[in-house]
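Structure first, commentary second.
In this chain, residues are counted from 1 in sequence order.
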Amino acid sequence: MRQVIWAGTLLGAVAASAVLYEIAAPNYAHSQQAAGQRPQAGVPVRIATAAVKATPVEFNTIGNVQTIASVAVKSRIDAVIDQVLVKDGQFVKAGDVLFQLDSRAAQAALHQAEANLARDQVQLANAQRNVNRDKSLLEKNFVSQQQYDTDSATAAALDATVKGDQAQLENAKVQLSYYTILAPINGRVGLIAIKQGNSIKSNDVPLATVNEIQPIYASFALAQTNLPDLRAAMAQGAVSVEVTPQGDNGGPVTGKVAFFENTIDQTSGTITVRASFDNTEQRLWPGQFVKVAVLVRTDPNSLVIPPAAVQIGQNGAYVFVVKDDDTTEVRLVTVERTVNNMAVIAKGLKAGEKVVTDGQLRLSDGTHVQVVTDAQKPGDAS
């Protein structure tokens with residue numbers, strides 16, 4: 001009896017399995033077929049369209065700030081510093097008194113020269129009166145010709161003496177002026193090297209250095225191949241130059257090309273150019289390194305793409321162009337320059353063509369792509 005029951009149970013399980021297979025098999029086959037018909041997803045990428053825009057043609061380089069004028073202040077005489085009338089780092093104007101030297105001996109020499117001049121002027125006046133008197137008496141034969149000639153010679157000699165005294169007085173005044181040392185230019189004084197009470201010698205060590213800050217130069221070198229464009233731009237008018245000081249977040253400082261040197265450095269193949277800046281805000285400082293951009297002209301019809309689209313390979317620069325069927329084409333391009341976050345393409349692209357800007361690592365020639373929006377990540381799987 002027990003064997004009959006087990007046999008019945010086994011037959012029931014087999015029958016149930018057969019029914020389940022008949023139900024599930026069509027659904028499984030349908031799902032597999034649907035999976036086989038689903039198209040394969042493309043590589044997610046971002047793209048940009050090549051466009052024609054007006055772009056500046058500029059030369060970018062590194063330069064340094066230089067003073068237009070820098071004067072090392074020295075004494076022209078041997079003396080003792082009596083007063084220091086300027087402080088370290090002070091801004092001065094031309095003519096401001098910087099140092100006063102002990103001038104007592106020079107003042108005494110000046111007074112002596114003034115006295116000598118006054119004495120000789122009195123003697124000259126007396127001699128001239130004698131000559132005038134002798135002239136009227138000579139006509140009446142009251143004096144001899146010899147007396148007249150002697151008095152005339154005396155007056156002429158005293159006249160020469162007075163002129164010599166005047167020269168001595170002028171020299172004494174000049175010598176006295178050396179005891180007051182003035183600022184030769186507008187600018188900023190550096191460290192005062194020699195303090196009050198020190199003895200100094202003529203044309204010895206500088207007492208201080210004055211650097212002109214306003215205006216100021218930025219000096220930089222350009223390749224000799226850029227010289228024709230620079231000269232052509234200068235022939236049309238002032239050439240704009242923008243410099244950005246290192247560590248300065250205030251934006252570029254604008255000036256203009258002042259001049260370029262009269263010879264090319266044959267060692268480096270460059271020419272030195274200097275641009276002048278008003279520097280009213282004093283953001284440029286002598287010796288400072290700056291980024292330089294020289295604007296020579298504006299190209300109204302430049303073909304531009306984002307720099308991120310340009311890749312570098314063994315054969316040079318290339319881009320991935322997305323065709324109408326959403327496949328990619330590797331295209332060699334010639335990048336003329338990069339300016340204002342735009343790569344200017346001279347050869348290899350046309351306006352309106354689409355290039356990949358992100359997701360190039362998974363691409364090759366003919367790869368199917370899927371364009372994603374900025375909110376999506378090209379590296380994510382579809």
Legend entry - Heavy-atom neighbours of K74 NZ exceed 12 at 6.0 Å: yes
Legend entry - SB check D82 K195 (cutoff 4.0 Å): no
Inset, instruction - Could you tell me which non-hydrogen atom of L158 sits nearest to which non-hydrogen atom of A127, and how far apart they are? - result: CD1-CB, 3.6 Å
Inset, instruction - Flag the pair P307 / V310 as yes when at least one side-chain heavy-atom distance between them is below 4.5 Å, and no otherwise. - result: no
Inset, instruction - Answer yes if V356 and V43 sit in the same cluster of Ile, Leu, Val, Met, Phe, Trp and Tyr residues linked by side chain heavy atoms under 4.5 Å apart, and no otherwise. - result: yes
Inset, instruction - For D96 and K93, indicate whether the former's side chain and the latter's backbone hold a donor-acceptor pair under 3.5 Å. - result: yes
Inset, instruction - Answer yes or no: is there a donor N or O on one side and an acceptor on the other, between the side chain of D149 and the main chain of A153, under 3.5 Å? - result: no
Legend entry - Approximate separation, where rounding is to 0.5 Å, of L117 CG and Q112 CD: 12.5 Å
Inset, instruction - For R274 and Q66, test the side chains for any donor-to-acceptor distance below 3.5 angstrom and give the result as yes or no. - result: yes
Inset, instruction - Starting from F91, walk the hydrophobic network (Ile, Leu, Val, Met, Phe, Trp, Tyr; side-chain heavy atoms closer than 4.5 Å) and list everyone else you reach, by chain and number. - result: I213, W285
Legend entry - Verdict with supporting geometry, I345 and E336, side-chain contact (heavy atoms from CB on, under 4.5 Å): CA-CA 6 Å; I345 305 301; E336 182 178 323; over 6 Å; no
Legend entry - 4.5 Å side-chain heavy-atom contact, R362 and P44: yes
Inset, instruction - Write down the atom of L176, the atom of S103, and the distance for their closest heavy-atom approach. - result: CD1-CB, 3.7 Å
Inset, instruction - Determine whether the side chains of N211 and S70 contain a donor N or O and an acceptor N or O closer than 3.5 Å. - result: yes
Inset, instruction - Would you give the length of the straight line joining atom CZ of R337 to atom OG of S302, rounded to the nearest 0.5 angstrom? - result: 4.5 Å
Legend entry - Nearest atoms (heavy-atom pairs only) where A258 meets Y217: CB-CE2, 3.9 Å
Inset, instruction - Compare all side-chain heavy atoms of S152 with those of V131 and state whether any distance is below 4.5 angstrom. - result: yes
Inset, instruction - Considering non-hydrogen atoms only, spot the tightest contact between A172 and A113 and give its length. - result: CB-CB, 4.3 Å
Legend entry - Pair T280-D278, side-chain donor/acceptor within less than 3.5 Å: no
Inset, instruction - Check salt bridge (charged side-chain N to carboxylate O under 4.0 Å, His left out) between R129 and all other residues, then give those that pass, not counting sequence neighbours. - result: none
Legend entry - Gap between atom CG of L182 and atom CD of Q100 - 0.5 Å precision: 9.0 Å
Inset, instruction - Would you check if the side chain of Q196 reaches a backbone N or O of Q83 as a donor-acceptor pair within less than 3.5 Å? - result: no
Inset, instruction - May I ask you to check whether over 12 heavy atoms, not counting those of Q107, lie within 6.0 Å of atom CD? - result: yes
Legend entry - Short side-chain to backbone donor-acceptor contact, R331 and G348, under 3.5 Å: yes
Inset, instruction - Taking all non-hydrogen atoms of both residues into account, name the closest pair between N186 and A94 and its distance. - result: OD1-N, 2.6 Å
Inset, instruction - Could you grab the distance from atom OG1 of T150 to atom CD of Q145, nearest 0.5 Å is fine? - result: 10.0 Å
Inset, instruction - In sequence, state the C-alpha distance, the side-chain angles, and the governing distance for N315 and L332, and then conclude on side-chain contact (heavy atoms from CB on, under 4.5 Å). - result: CA-CA 8 Å; N315 296 325; L332 293 176; 4.2 Å; yes
Inset, instruction - Step through the shown structure and confirm whether more than 12 heavy atoms of other residues, nucleotides or ligands are within 6.0 Å of CD on Q146. - result: no
Inset, instruction - Could you tell me whether a side-chain N or O of S144 sits under 3.5 Å from a main-chain N or O of Q147, the two making a donor and an acceptor? - result: yes
Legend entry - Connected hydrophobic set around F260, excluding itself, where side chains approach under 4.5 Å: V57, F59, V65, I216, F220, L222, L227, L230, M234, V239, V241, V243, V253, V257, I264, I271, V273, F277, L284, V290, V292, V294, V296
Legend entry - Atom pair NZ/NE2 of K323 and H368 - distance to nearest 0.5 Å: 11.5 Å
Legend entry - Charged N-O contact under 4.0 Å between R188 and E212: no
Legend entry - Exercise: do S364 and T367 side chains pair donor with acceptor under 3.5 Å: yes
Legend entry - Neighbour count above 12 (heavy atom, 6.0 Å) for R119 CZ: yes
Inset, instruction - List, by chain and number, the other hydrophobic cluster members for V339, where Ile, Leu, Val, Met, Phe, Trp and Tyr join if side-chain heavy atoms come within less than 4.5 Å, directly or indirectly. - result: V304, M342, V344
Legend entry - Verdict with reasoning, I305 to K354, per side-chain contact (heavy atoms from CB on, under 4.5 Å): CA-CA 9 Å; I305 60 174; K354 299 175 181 178; over 6 Å; no
Inset, instruction - Could you check if a side-chain atom of N203 sits within less than 4.5 angstrom of a side-chain atom of S75, using non-hydrogen atoms only? - result: no
Legend entry - Donor-acceptor contact below 3.5 Å, side chain Q128 vs main chain A156: no
Inset, instruction - Take atom CZ of F289 as the centre, draw a 6.0 Å sphere, and report whether it contains more than 12 heavy atoms from other residues, nucleotides or ligands. - result: no
Inset, instruction - Give the other cluster members for V71, using side-chain heavy-atom distances under 4.5 Å between Ile, Leu, Val, Met, Phe, Trp and Tyr residues; answer none if it is isolated. - result: V73, I77, I81, V84, V86, V92, L98, F99, L101, V174, Y178, Y179, I181, I185, V189, I192, I194, I200, V205, L207, V210
Legend entry - Student check: side-chain heavy atoms of Q166 and Q121 closer than 4.5 Å: yes
Inset, instruction - Step through the shown structure and confirm whether more than 12 heavy atoms of other residues, nucleotides or ligands are within 6.0 Å of NZ on K201. - result: no
Legend entry - Shortest non-hydrogen contact from A309 toward V319: O-CG1, 3.4 Å
Inset, instruction - Count the heavy atoms belonging to other residues, nucleotides or ligands that lie under 6.0 Å from CG of L361, then report whether that count exceeds 12. - result: no
Legend entry - salt bridge (Lys or Arg N to Asp or Glu O under 4.0 Å) between D102 and R104, worked out: CA-CA 6 Å; D102 185 359; R104 290 173 293 178; 2.9 Å; yes
Inset, instruction - Determine whether E114 and L169 make a side-chain contact, defined as any pair of heavy atoms from C-beta on separated by less than 4.5 Å. - result: yes
Legend entry - Any donor-acceptor N/O pair, N116 side chain to D165 backbone, under 3.5 Å: no
Inset, instruction - Taking the side chain as every heavy atom from C-beta outward, state whether L363 and V45 have any pair of such atoms under 4.5 Å apart. - result: yes
Inset, instruction - Step by step, work out the side-chain contact (heavy atoms from CB on, under 4.5 Å) result for Q224 and T270. - result: CA-CA 5 Å; Q224 61 181 352; T270 60; over 6 Å; no
Legend entry - ILVMFWY cluster, L303 and V333 together (side-chain gap under 4.5 Å): yes
Legend entry - Distance in Å, E281 CD paired with Q214 CD, rounded so as to fall on 0.5 Å steps: 10.0 Å
Legend entry - ring-ring contact (aromatic ring centres under 6.0 Å, His included) contacts touching residues 311-335 (sequence neighbours left out): Y318-F320
